[in-house]
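Worksheet: the structure to be examined is printed underneath.
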2 protein chains.
Amino acid sequence: MRRGLEFKKKARIIIVDDNYEHLSGIKELIEIESDFDVVATATSASVAISLIKKYRPEIVLMDINMPEKDGLTAIAEIEKLDLGVRIIALTGYDDPDLIFRAMKIGAKGYILKTMASAQLIYAIDEVAAGKIYLPAALSSRFFEYFQKSFREENQELSDEENLLNYLTQREEEVLDLLTQGITYKGVAQKLFISETTVKTHVNNIFQKLQVNDRTQAVLYALNNGFLNRRKVKIAI
Amino acid sequence: MRRGLEFKKKARIIIVDDNYEHLSGIKELIEIESDFDVVATATSASVAISLIKKYRPEIVLMDINMPEKDGLTAIAEIEKLDLGVRIIALTGYDDPDLIFRAMKIGAKGYILKTMASAQLIYAIDEVAAGKIYLPAALSSRFFEYFQKSFREENQELSDEENLLNYLTQREEEVLDLLTQGITYKGVAQKLFISETTVKTHVNNIFQKLQVNDRTQAVLYALNNGFLNRRKVKIAI
DNA sequence: AAAGATTTAGACCATATGGTTTAGAAATTG
DNA sequence: CAATTTCTAAACCATATGGTCTAAATCTTT
């Protein structure tokens with residue numbers, strides 16, 4: 001086939017699809033059109049996982065639309081095993097949410113069953129070579145979804161509405177320390193001011209943020225873009 | 001040029017680059033190789049913004065590496081204006097963090113200055129057509145970064161390490177209410193139990209999470225996957 | 001049935017936190 | 001320079017929160 005892989009180790013592949021027709025179709029296609037080695041196939045995620053543990057393939061082609069255990073959780077589980085298996089997700093349609101979630105949990109590629117066989121082979125080639133591959137069309141859809149989620153989630157408050165913008169420099173510093181779970185005494189020490197001064201600042205913060213206690217102030221800060229060492233969190 | 005745009009309205013473009021050499025280079029290239037209409041150029045972000053307000057171009061080519069006001073904040077500001085301008089980011093190197101941040105704040109494309117001119121024209125074509133365009137190489141880098149951030153941030157704690165898993169049902173309920181900024185009294189009312197019972201639960205929670213106060217417990221919960229109505233937050 | 005964990009709840013006490021007021025020093029702005 | 005804002009800090013008090021211990025009722029599990 002294309003791209004001299006003859007001298008490389010042939011990538012070993014496991015294919016997972018609950019539809020046996022599709023499964024054998026893809027298997028044949030790969031065996032005919034490429035140099036890859038289909039070492040096993042599975043029609044359910046749970047079987048697939050034990051096969052993966054057994055054969056340690058380089059690549060797994062995983063259908064996402066399966067009953068019982070769905071493909072996404074299967075991918076998550078396989079990734080958690082940390083066997084270095086590179087998973088390519090496979091579906092019938094380009095639902096951006098599916099694409100987003102698959103890539104998020106670690107899929108190294110995503111292709112549609114409707115795509116040409118050459119595209120499939122190319123994707124496997126790329127992923128086997130250590131890259132992450134999304135066809136341009138899917139990549140475009142992914143980014144639309146990606147950006148939409150940020151638009152919606154991020155700027156739900158305008159600058160005037162975001163009460164954090166009314167805090168003074170010092171109040172921000174105090175609040176920043178509070179969002180790290182530090183007590184008033186600790187804040188006082190860190191900022192080299194007295195504890196009563198901290199209390200004064202804190203009370204002003206409460207007024208400005210319209211909250212009643214430390215926990216609420218911290219929550220307000222975190223939910224409204226207090227740019228700390230904040231962690232990335234997107235619910236699956 | 002390629003792709004019959006003759007009958008379409010020619011896309012109007014503004015180019016922003018603090019390096020005048022580059023600026024005129026790109027300008028010439030676009031004027032020669034494509035049908036697009038370069039309506040203005042700017043060597044600073046602030047000038048660019050007023051030009052954009054004035055000319056309302058379809059496309060903006062924005063260099064990211066600029067002194068003074070940097071390109072990313074400029075993009076954010078332009079996006080905030082919500083003029084329907086589609087921004088393509090432009091840099092010398094493929095720093096994945098830059099790519100990630102640019103796409104996050106709404107860039108519709110990202111290309112390297114080192115890329116062939118045909119690639120640039122193609123990118124503009126695609127973006128002008130309403131798509132989001134990232135060359136395969138950059139897309140790959142983006143996803144590596146994207147996935148790494150999730151790996152690091154999400155499963156930094158194993159199930160045994162995540163102290164939240166040692167909480168009982170009831171303790172979880174209490175903690176959940178605490179993460180909503182509710183006081184002990186409020187929790188007692190919501191759960192139809194006495195306030196002293198709440199205190200008992202809370203103290204047990206503190207023991208299990210190895211923290212000393214309510215705020216720290218809430219922070220621990222939020223940072224370790226207490227899957228609430230939590231918002232998507234990634235610091236720019 | 002016995003053992004164990006969970007949920008409930010009280011007493012008791014110490015301390016941290018929150019509410020309000022006043023006020024001087026320092027920095028900023030007009 | 002005068003006016004304003006910010007930062008500092010104290011006094012005073014009320015209440016919420018945290019620490020520790022004990023213990024009964026309920027539920028789970030063996």
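As a basis for the values below, the full set of heavy atoms in this structure was taken, side chains included, without hydrogen atoms, waters or symmetry mates. Order of the sequence lines fixes the chain letters, A, B, ..., with proteins taken first and strands second; residue numbering starts at 1 for each chain.
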- Could you pull out all residues at least two apart from B:Lys208 that satisfy salt bridge (charged side-chain N to carboxylate O under 4.0 Å, His left out)?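 Residues passing salt bridge (charged side-chain N to carboxylate O under 4.0 Å, His left out) with B:Lys208: B:Glu171.
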Please enumerate all protein N or O atoms sitting under 3.5 Å from an N or O of nucleotides 25-30 of chain D, with distances to 0.1 Å.
none

For [X] and [N], give me the distance from atom [atom1] to atom [atom2], rounded to whole Å.
| X | N | atom1 | atom2 | result |
| --- | --- | --- | --- | --- |
| A:Lys185 | C:dA14 | NZ | C1' | 12 Å |
| B:Ile205 | D:dT20 | CD1 | P | 16 Å |
| A:Glu171 | D:dC7 | CD | C1' | 9 Å |
| A:Gln169 | C:dA26 | CD | C1' | 15 Å |
| B:Glu172 | C:dA5 | CD | P | 18 Å |
| A:Gln207 | C:dT21 | CD | P | 10 Å |
| A:Asn203 | D:dT6 | CG | C1' | 16 Å |

- Item | Partners passing side chain to side chain contact (heavy atoms under 4.5 Å, CB included) against A:Thr196 (at least two apart in sequence or in another chain) |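 By the side chain to side chain contact (heavy atoms under 4.5 Å, CB included) rule, A:Thr196 matches A:Ser194.
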- Query: Mind checking what makes side chain to side chain contact (heavy atoms under 4.5 Å, CB included) contact with A:Pro96, not counting sequence neighbours?
  - Reply: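 Applying side chain to side chain contact (heavy atoms under 4.5 Å, CB included) to A:Pro96 gives A:Arg141, A:Tyr145.
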- Verify side chain to side chain contact (heavy atoms under 4.5 Å, CB included) between A:Arg214 and A:Val202, making sure each step is shown before the conclusion. CA-CA 8 Å; A:Arg214 193 158 119 259; A:Val202 169; 6.0 Å; no
- Residues A:Asp176 and A:Gln180: side-chain donor-acceptor under 3.5 angstrom: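 There is such a pair (donor and acceptor under 3.5 Å, judged by atom type) between the side chains of A:Asp176 and A:Gln180.
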- Please check if any side-chain donor atom of A:Tyr110 sits under 3.5 Å from a side-chain acceptor atom of A:Thr91, or the reverse.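 Judged by distance alone, the side chains do pair up.
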N/O contacts under 3.5 Å, protein versus nucleotides 8-11 of chain D?
unit_1	atom_1	unit_2	atom_2	d
D:dT8	OP1	A:Arg170	NE	3.1
D:dT8	OP1	A:Arg170	NH2	2.7
D:dT8	OP2	A:Arg170	NE	2.8
D:dT8	OP2	A:His201	NE2	2.9
D:dA9	OP2	A:Ser194	N	2.6
D:dA9	OP2	A:Thr197	OG1	3.0
D:dA9	O5'	A:Thr197	OG1	3.2
D:dA9	N7	A:Thr200	OG1	3.2
D:dA10	OP2	A:Ser194	OG	3.4
D:dA10	OP2	A:Thr196	OG1	3.4

- Ignoring the backbone of A:Thr168, work out which of C:dG19, D:dC7, D:dT20 is nearest its side chain.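 From the listed options, D:dC7 comes nearest.
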- Query: If you check the A:Phe206 side chain, which of D:dG19, C:dG19, D:dA16 turns out closest?
  - Reply: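 Selected nucleotide (nearest to the side chain): C:dG19.
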- ring pair (Phe, Tyr, Trp, His ring centres under 6.0 Å) between B:Phe142 and A:Phe146, worked out: CA-CA 12 Å; B:Phe142 170 91; A:Phe146 176 75; 5.6 Å; yes
- Message: Closer than 4.0 angstrom, basic N to acidic O: yes or no for A:Glu173 and A:Arg170?
- Response: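 So A:Glu173 pairs with A:Arg170 through a salt bridge.
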- Task: Run the salt-bridge test on A:Glu144 and B:Lys108 with the 4.0 Å N-O cut-off and return the result as yes or no.
- Result: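 Between B:Lys108 and A:Glu144 there is no salt bridge, as every charged N stays at least 4.0 Å from the carboxylate O atoms.
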- Query: Is there side-chain contact between B:Ile26 and B:Leu90, with at least one heavy-atom pair below 4.5 Å?
  - Reply: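 Of all side-chain heavy-atom pairs linking B:Leu90 with B:Ile26, at least one is under 4.5 Å.
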- Query: So which of residues 210-218 of chain A are in contact with DNA chain D, with a heavy-atom cut-off of under 4.0 Å?
  - Reply: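 None - not one residue of the stretch has a heavy atom sitting under 4.0 Å from the strand.
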- Backbone of B:Val211 reached by a side-chain donor or acceptor of B:Gln216 within 3.5 Å: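 Not at all, since once roles are kept as given, no pair shorter than 3.5 Å links the two residues.
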